[in-house]
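Take a look at the structure below.
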2 protein chains.
Amino acid sequence: MKKKEHKECLSALVPVRDTLDIIGGKWKILILISIWEGNKHFREIERSIPKLSTKVLSKELKEMEENKLIVRTIINGFPVRTEYTPTEYSKTLQKVIKELQGWGINHRKEIFGKG
Amino acid sequence: MKKKEHKECLSALVPVRDTLDIIGGKWKILILISIWEGNKHFREIERSIPKLSTKVLSKELKEMEENKLIVRTIINGFPVRTEYTPTEYSKTLQKVIKELQGWGINHRKEIFGKG
DNA sequence: TTTTTTGATTACCTAAAGGTAACTGATTAC
DNA sequence: GTAATCAGTTACCTTTAGGTAATCAAAAAA
């Protein structure tokens with residue numbers, strides 16, 4: 001009898017993991033959407049998302065900048081302000097998020113809708 | 001000056017959260033793929049995924065059954081065996097996973113490939 | 001009768017994610 | 001001078017996810 005080989009295909013999952021690391025977590029998509037909607041300043045973004053703390057926002061914004069989803073610009077003015085703007089590249093995530101949303105909407109029907 | 005309204009659109013994100021809960025985490029996609037590949041029995045699935053513990057596998061399989069991604073069948077035989085088989089419905093996740101993978105592959109290029 | 005294999009469950013522990021709150025430094029209004 | 005707003009940082013605590021290992025019950029093999 002042929003010994004069963006378990007193909008693992010772990011390497012193909014590395015990019016899946018990468019993506020989940022970037023849009024997973026409790027706040028990441030929320031913050032991204034807030035910025036897409038036009039919120040530009042730290043306090044503005046913070047206030048737009050109930051219960052989000054400055055610490056978490058600070059950490060997430062750094063990661064998002066590293067991932068080229070947003071650009072951070074310091075504006076030297078009377079009160080020094082910081083501006084966060086979404087990159088064109090960040091918009092490539094919209095299709096992914098839509099896909100997650102579509103599946104989730106259908107899943108609710110699958111689980112609760114029909115018996 | 002018109003007061004800035006921050007549209008929150010939190011409700012639209014509930015299904016996104018749902019989907020991430022189902023395919024997020026360290027093992028869920030790995031287990032799903034193992035079953036898609038034909039691994040049917042508890043030990044078989046366990047052995048196909050290095051470092052996965054029985055405790056976590058047990059928990060994840062329950063959740064996957066609740067989410068109608070797999071079917072659990074007990075086969076009364078000489079050693080009582082349990083069989084896990086993927087549902088047709090589970091295959092609707094393949095498109096989502098492909099999307100996550102595609103974005104992740106491109107993202108590596110974006111971050112490391114070009115300066 | 002002891003060991004092995006099957007499919008798990010339980011208790012305990014660690015590591016990571018996230019939450020709370022105080023504090024910095026600069027500037028502007030009172 | 002005092003308070004408030006801007007953009008954060010830091011230290012500490014809690015919660016959750018995941019890991020380790022022992023155990024259970026049934027049955028077959030030695």
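Chain identifiers are assigned alphabetically (A, B, ...) following the order of the sequence lines, protein sequences preceding nucleic acid strands; residue numbering begins at 1 within each chain. In this text the structure is predicted, and so the values were computed from the model without any measurement.
Set against C:dA8, D:dG19, D:dG8, the side chain of B:Lys55 has D:dG19 as its closest nucleotide.
In this entry the distance linking CG of A:Leu52 with P of D:dG8 reads 13 Å, nearest Å. Separating the CD atom of B:Glu44 from the P atom of C:dG7 is a distance of 9 Å, rounded to the nearest angstrom. As a whole-Å value, the separation of B:Leu61 CG from D:dG18 P is 14 Å. When the P atom of D:dG8 is taken as reference, atom CD of A:Glu65 falls 10 Å away, rounded to whole Å. Here the P atom of nucleotide C:dA21 and the CD atom of A:Glu46 are 14 Å apart, to the nearest Å. Atom pair B:Glu83:CD and C:dG7:C1' shows a separation of 14 Å (rounding to whole Å applied). In this structure, CG of A:Leu30 is placed 11 Å from P of C:dG19, rounded to the nearest angstrom. Taking atom CG of residue B:Leu57 and atom C1' of nucleotide C:dT10, one finds them 16 Å apart after rounding to whole Å.
A:Trp27 has no side-chain polar atom (N or O) that falls below the 4.0 Å cut-off from OP1 or OP2 of C:dA17. Side-chain nitrogen and oxygen atoms of A:Ser58 include at least one within less than 4.0 Å of the OP1 or OP2 phosphate oxygen of D:dT9. Contact annotation: A:Arg47 reaches the phosphate of D:dC6 (side-chain N/O to OP1 or OP2, under 4.0 Å). For the OP1/OP2 pair of D:dT9 and a distance below 4.0 Å, the side-chain nitrogens and oxygens of A:Lys62 include at least one atom meeting the criterion. Here B:Arg81 does not reach the OP1 or OP2 of C:dA8: none of its side-chain N or O atoms lies under 4.0 Å away. Close to D:dA7, at under 4.0 Å from its OP1 or OP2, lies a side-chain N or O of A:His41.
A:Leu100 is not connected to A:Ile105 by any chain of hydrophobic side-chain contacts under 4.5 Å among Ile, Leu, Val, Met, Phe, Trp and Tyr, and they are in different clusters. Hydrophobic cluster membership differs between B:Leu20 and B:Val14, with clusters built from Ile, Leu, Val, Met, Phe, Trp and Tyr side chains linked at under 4.5 angstrom.
Among the atoms of the strands shown, base atoms are found under 4.0 Å from some heavy atom of A:Ser53. Nucleic acid contact for A:Lys26: sugar-phosphate only, since backbone atoms but no base atoms lie under 4.0 Å from a heavy atom of the residue. Using a 4.0 Å heavy-atom cutoff across all strands shown, B:Thr54 reaches at least one base atom of the nucleic acid. Within 4.0 Å of B:Lys28, counting heavy atoms only, lies no atom of the nucleic acid at all.
Note on B:Arg43 versus B:Glu46: salt bridge recorded, some NZ/NE/NH1/NH2 to OD/OE distance being below 4.0 Å. Between A:Glu83 and A:Lys40 there is no salt bridge, since no side-chain N of the basic residue sits under 4.0 Å from a carboxylate O of the acidic one.
Residues B:Leu52 and B:Ile31 form a side-chain contact, since some pair of their non-hydrogen atoms from C-beta on lies under 4.5 Å apart.
When both distances must be under 3.5 Å, the Watson-Crick or G-U wobble mate of C:dC30 is D:dG1.
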